[in-house]
Amino acid sequence: MSPVNVKEGDGPVILGLPHAGTFVPPEVAQALNERGQALADTDWHVDQLYDGLLPGATYVRANFHRYVIDANRDPAGVSLYPGQNTTTLVPLTDFDGAPIWNQPPSTQDIAAQKAAFHSPYHAALAEQIARVKARHGVAILFDCHSIRSRIPFLFDGVLPDLNVGTNGGLTCAALVQDAVWQACEGSEFSAVLNGRFKGGWTTRHYGQPEAHVHAIQLELAQSTYLTAEEPPWSYDSDKALKLRGLLRDILTSLADLAPSLTANPTSATPKGTS
């Protein structure tokens, strides 16, 4: 099993899919408890949701589950959200704060899983960013995520439908943030900019607008496209149809504005930031 699948496109937009995979090596599966083996914290069907939305887009998809190792966490183990509940490079709990291991991974286990899965995913992603930038003079990384809309361990109340993250406007040019945010804000879905989810390690690590690499994360509430936020985590085609229309518009707008980013990679302060 390859740790990552890549579909190369000829456009300036790259879709990152770090949490859609469900592969767990047998030795890891045996160490998980029953709750862990349920793999509840998957970004269910996100790859299906984004499939075919933007001709020319490049797709980089991690095939392994985040319980093996989280491709959207700092490989050094540094927390993305100091002082807040979150999960680690190799999670010890699920999103509800419940233990997921019968036998937690050792330091050696984590190092091995980092080498076998985390590193190949990011090597592939970095390679595609370099390839796209060489072709277009700019690369736009759109990191695709989803999560249950109610998780008291991680956040209060109900999560907005669309959660746009740019680490406070640092990971992309104003034009990029504004294009995504204005589309979300003007849609029928509830939305927030740099709220609970400000962008994970992928967005923060690769987003270097001064170097013509722009990164933005969209965390979707799974209520927007699943029949229910519980097993069997079924994809709802009718719900997804409306959401796919919005996502297609967002991705198309990013591809269209890419040429303008080569002349002025950062531009002014994005709207919605201070």
Please lay out, stage by stage, how His122 and Trp201 fare under the test ring pair (Phe, Tyr, Trp, His ring centres under 6.0 Å).
CA-CA 11 Å; His122 283 284; Trp201 186 77; 5.0 Å; yes

With the side chain counted from C-beta on, respond yes when Asn72 and His19 share a heavy-atom pair under 4.5 Å apart, and no when they do not.
yes

Is there a path from Ile69 to Phe23 through hydrophobic residues (I, L, V, M, F, W, Y) whose side chains come within less than 4.5 Å of each other?
yes

Side chain Glu219, main chain Asn163, donor-acceptor under 3.5 Å
no

Measure the spacing between CZ of Arg66 and CZ of Arg73 and express it to the nearest 0.5 Å.
5.5 Å

Main-chain N/O of Pro18 paired to His145 side chain as donor or acceptor, under 3.5 Å
no

In sequence, state the C-alpha distance, the side-chain angles, and the governing distance for Asn33 and Asn102, and then conclude on side-chain contact (heavy atoms from CB on, under 4.5 Å).
CA-CA 5 Å; Asn33 62 24; Asn102 286 321; 3.4 Å; yes

Would you confirm whether Asp43, through its side chain, and Val46, through its main-chain N or O, come within 3.5 Å as a donor-acceptor pair?
no

Might you confirm whether atom NZ of Lys242 has over 12 heavy atoms from other residues, nucleotides or ligands at distances under 6.0 Å?
no

Stepwise salt bridge (Lys or Arg N to Asp or Glu O under 4.0 Å) test for Arg131 and Glu8:
CA-CA 9 Å; Arg131 180 186 65 84; Glu8 291 190 353; 3.7 Å; yes

His65 and Thr42 side chains, donor-acceptor separation under 3.5 Å
yes

Stepwise side chain to side chain donor-acceptor pair (under 3.5 Å) check, Asp161 with Thr224:
CA-CA 7 Å; Asp161 298 329; Thr224 59; 6.0 Å; no

Under 3.5 Å donor-acceptor, Arg61 side chain and Ala20 backbone:
yes

Hey, does Tyr235 have a side-chain heavy atom less than 4.5 Å from the side chain of Thr227?
no

Tyr59 OH to Asp51 CG distance, which is reported to the nearest 0.5 Å
5.5 Å

Sidechain-backbone polar pair: Asp96 side chain, Ala98 backbone, donor-acceptor under 3.5 Å:
no

Does Phe197 share a hydrophobic cluster with Tyr206, counting links as ILVMFWY side-chain heavy atoms below 4.5 Å and allowing steps through other members?
no

Look at the side-chain heavy atoms of Ile, Leu, Val, Met, Phe, Trp and Tyr, link any pair under 4.5 Å apart, and say whether Val60 and Leu254 land in one connected group.
no

Phe189 side chain near Leu220 side chain, heavy-atom distance below 4.5 Å:
no

State whether the side chain of Asn63 and the backbone N or O of Ser2 hold a donor-acceptor pair below 3.5 Å, judged by distance alone.
yes

For residues Pro25 and Val68, determine if any side-chain heavy atom of one lies less than 4.5 Å from a side-chain heavy atom of the other.
yes

Is there a donor-acceptor pair closer than 3.5 Å between any side-chain N or O of Glu229 and the backbone N or O of Ser223?
yes

Do Leu92 and Ile100 come within less than 4.5 Å of each other through their side chains, counting heavy atoms only?
no

Working note: Leu125 + Thr202, criterion side-chain contact (heavy atoms from CB on, under 4.5 Å); need CA distance, chi angles, decisive distance, verdict.
CA-CA 9 Å; Leu125 189 55; Thr202 301; 3.7 Å; yes

Distance-only side-chain donor-acceptor flag, Ser106 / Asp109, under 3.5 Å
yes

Do Leu243 and Val180 share a hydrophobic cluster, counting only Ile, Leu, Val, Met, Phe, Trp and Tyr and linking them when any side-chain heavy atoms are less than 4.5 Å apart?
yes

Measuring from Trp101:CH2 to Gln37:CD, what's the distance to the nearest 0.5 Å?
10.0 Å

Going by distance alone, is a donor N or O of one side chain under 3.5 Å from an acceptor N or O of the other, for Asn194 and Thr166?
yes

Given side chains that start at C-beta, do those of Ile147 and Leu159 come closer than 4.5 Å, heavy atoms only?
yes

Partner of Tyr67 by side chain to side chain contact (heavy atoms under 4.5 Å, CB included), out of Val24, Thr87, Asp41, Val28
Asp41

Donor-acceptor under 3.5 Å (Arg204 side chain, Gly199 main chain)
yes

Determine whether a donor-acceptor pair (N or O, by modelled atom type, separation under 3.5 Å) exists between the side chain of Gln217 and the backbone of Gly200.
yes

Show the numbers, then the answer: is there a side-chain contact (heavy atoms from CB on, under 4.5 Å) between Leu251 and Tyr50?
CA-CA 10 Å; Leu251 296 176; Tyr50 280 90; 4.1 Å; yes

For Lys7 and Asp47, run salt bridge (Lys or Arg N to Asp or Glu O under 4.0 Å): C-alpha distance rounded to whole Å, both residues' side-chain angles, the deciding distance at 0.1 Å, then the answer.
CA-CA 12 Å; Lys7 177 184 175 184; Asp47 46 353; over 6 Å; no

Looking at OG1 of Thr252 and CG of Leu54, how far apart are the two atoms once the value is rounded to the nearest 0.5 Å?
5.5 Å

Using modelled atom types only, decide if a donor and an acceptor are shared between the side chain of Lys114 and the backbone of Ser119 within a distance under 3.5 Å.
no

Please tell me if the side chains of Val176 and Pro209 come closer than 4.5 Å, counting only heavy atoms from C-beta onward.
no

Count I, L, V, M, F, W, Y as connected when their side-chain heavy atoms are under 4.5 Å apart, and connections chain through other members. Are Leu141 and Leu49 then in the same cluster?
no

Once rounded to the nearest 0.5 Å, what's the spacing between atom NZ of Lys198 and atom OG1 of Thr171?
12.5 Å

Between Phe117 and Phe64, is the gap from one ring center to the other below 6.0 Å?
yes

Can you see which heavy atom on Ala124 is nearest to which on Val6, and at what distance?
CB-CG2, 4.0 Å

Is atom CD of Glu27 surrounded by more than 12 heavy atoms (other residues, nucleotides or ligands) closer than 6.0 Å?
yes

Answer yes or no: is there an ion pair linking Arg196 with Asp156, defined by an N-O contact shorter than 4.0 Å?
no

Looking at CD of Gln222 and NZ of Lys239, how far apart are the two atoms once the value is rounded to the nearest 0.5 Å?
10.5 Å

Counting only heavy atoms from other residues, nucleotides and ligands, does the tally under 6.0 Å from CD of Gln48 exceed 12?
yes

